[in-house]
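One structure is given here, and the rest of the page talks about it.
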Amino acid sequence: MKKLLFTILIAVSCQACVTNKTDKTLQFAAKQTLALYNSVKDLEGRLPRSIDKNGNLVTSDDAYWCSGFTAGTLWYLYEYSKCDSLKTAAETLSKRIERQQYTTNDHDIGFKIYCSYGNAYRLTNNPKYKTVIVNAARSLSTRFNPTLGVIRSWDNPKWHFPVIIDNMMNLELLCEATRLSGDSSFLKIAVSHADTTMKYHFRPDGSSCHVVDYDYSQGGVFRRQTHQGYSDSSAWARGQAWALYGYTMMFRETHKPGYLEHAIKIADFIVDHPRLPADKIPYWDFDAPDIPEALRDASAGAIICSALLELSTFTDKKRSEKYLKIAGKQINALSSPGYLAEANSNGNFILRHSVGHFPNLAEIDVPLTYADYYFLEALLRVKKLNNYELKITNYELRIKN
Ligand code: GLY
């Protein structure tokens with residue numbers, strides 16, 4: 001009955017039975033993302049990426065680092081709605097990137113495979129998805145250098161051994177692969193990468209640089225740089241978001257207190273930052289010279305929001321309340337007309353106003369698949385938290401026992 005109701009809601013109008021703002025946004029997202037899916041359904045091998053300056057859809061092949069996000073968004077929407085048409089769409093786009101499980105020439109395999117097949121397996125328990133996840137972890141592990149203790153991000157000869165803060169996000173795939181296969185080598189690589197990144201990527205104030213180029217021959221760091229941020233010493237907003245999400249996730253996976261302490265330090269850098277705007281959606285770089293005229297990055301806002309919601313479940317009451325208040329403002333902002341697209345506009349992506357690669361003048365103030373993915377994740381996390389009071393009470397019960 002529930003399935004039928006959602007099928008009618010999404011396929012016909014998606015307007016009825018809206019009970020609250022989160023459900024209203026999720027139902028809009030389902031309708032919009034199904035329309036996005038329909039626009040690539042017959043484009044063999046293509047995946048949504050963004051829109052061009054005329055508003056036309058831009059697609060990518062499966063090798064692009066974002067190829068798994070729309071499948072992941074569809075899996076989240078299937079989780080919410082149990083609607084068969086969303087499941088079929090999620091399966092179709094997941095299938096398009098299946099061969100990425102064998103990629104060994106870049107680190108983004110975690111983004112590609114975990115966001116798609118990770119959710120597919122979580123929601124269906126289908127063993128064929130489990131095989132893809134473990135194969136992908138094996139491929140990613142080939143990029144680990146045991147001497148340096150980190151996974152190489154890019155093969156570009158411009159760097160010796162580059163590791164970008166974004167690479168923290170690929171560790172979730174490795175943690176899951178150990179759980180699924182019993183092979184602890186994946187988890188050990190993830191812990192080594194997180195420990196080494198904590199040592200070399202971060203500044204005393206808790207912010208992270210983007211790229212650390214390790215000295216392959218002598219060990220240690222050759223140089224620290226930016227690639228997508230304003231400058232080598234600036235705090236690129238999405239880099240801070242990846243860092244926050246990465247260490248929160250690694251605490252969930254390992255329960256190592258050092259990761260929680262580090263996640264809190266990163267979170268406090270972000271949420272206490274004097275240049276974080278009132279709606280808590282960051283400028284694309286915390287040090288962009290044209291603040292307050294600088295562009296916002298909705299993708300960084302969505303990633304930070306999702307991470308803060310999880311982090312709030314691990315911290316004491318005072319911090320939980322602080323993080324939930326910020327995450328609540330972010331959800332409100334992203335669910336409002338300033339960021340949320342109107343139906344059948346924005347190339348059928350959900351959120352507007354993200355920044356991909358500012359220094360390259362690429363994907364500036366556009367919709368991006370990962371903004372939608374982490375926004376959906378945040379909305380579902382809000383629903384799972386049930387209500388903030390209950391979660392905080394649970395925390396208090398936990399520390400009492
Ligand atoms: N390289 C991933 C990002 O643009 O955040």
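Counting starts at 1 for both ligands and their atoms, following the listed order. Just so we're clear, the structure is a prediction, and the values are computed from it rather than from any experiment.
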Would you mind listing each N/O atom of ligand 1 next to any protein N/O under 3.5 Å, plus the distance?
unit_1, atom_1, unit_2, atom_2, d
ligand 1, 1 (N), D166, OD2, 2.8
ligand 1, 4 (O), Q228, NE2, 2.7
ligand 1, 4 (O), R238, NH2, 2.8
ligand 1, 5 (O), D166, OD2, 3.4
ligand 1, 5 (O), R238, NE, 2.6
ligand 1, 5 (O), R238, NH2, 3.3
ligand 1, 5 (O), W242, NE1, 2.8

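- Between H210 and H227, the ring-plane angle classifies as tilted under the 30° and 60° cut-offs.
- Just one of D297, D166, D285 meets the side-chain hydrogen bond (donor to acceptor under 3.5 Å, both in side chains) condition when paired with R238; it is D297.
- In this structure, F251 has its ring center no closer than 6.0 Å to that of H262.
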Pair up each side-chain donor or acceptor in residues 342-350 with any protein partner under 3.5 Å, not counting sequence neighbours, and list the distances.
unit_1, atom_1, unit_2, atom_2, d
S345, OG, E342, N, 3.3
S345, OG, E342, O, 2.7
N346, ND2, F349, O, 3.2
N346, ND2, L351, O, 3.1

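- Residues satisfying the salt bridge (Lys or Arg N to Asp or Glu O under 4.0 Å) criterion with K322, sequence neighbours excluded, are D268, D272.
- For W242, the ring pair (Phe, Tyr, Trp, His ring centres under 6.0 Å) partners are F111, Y374, not counting sequence neighbours.
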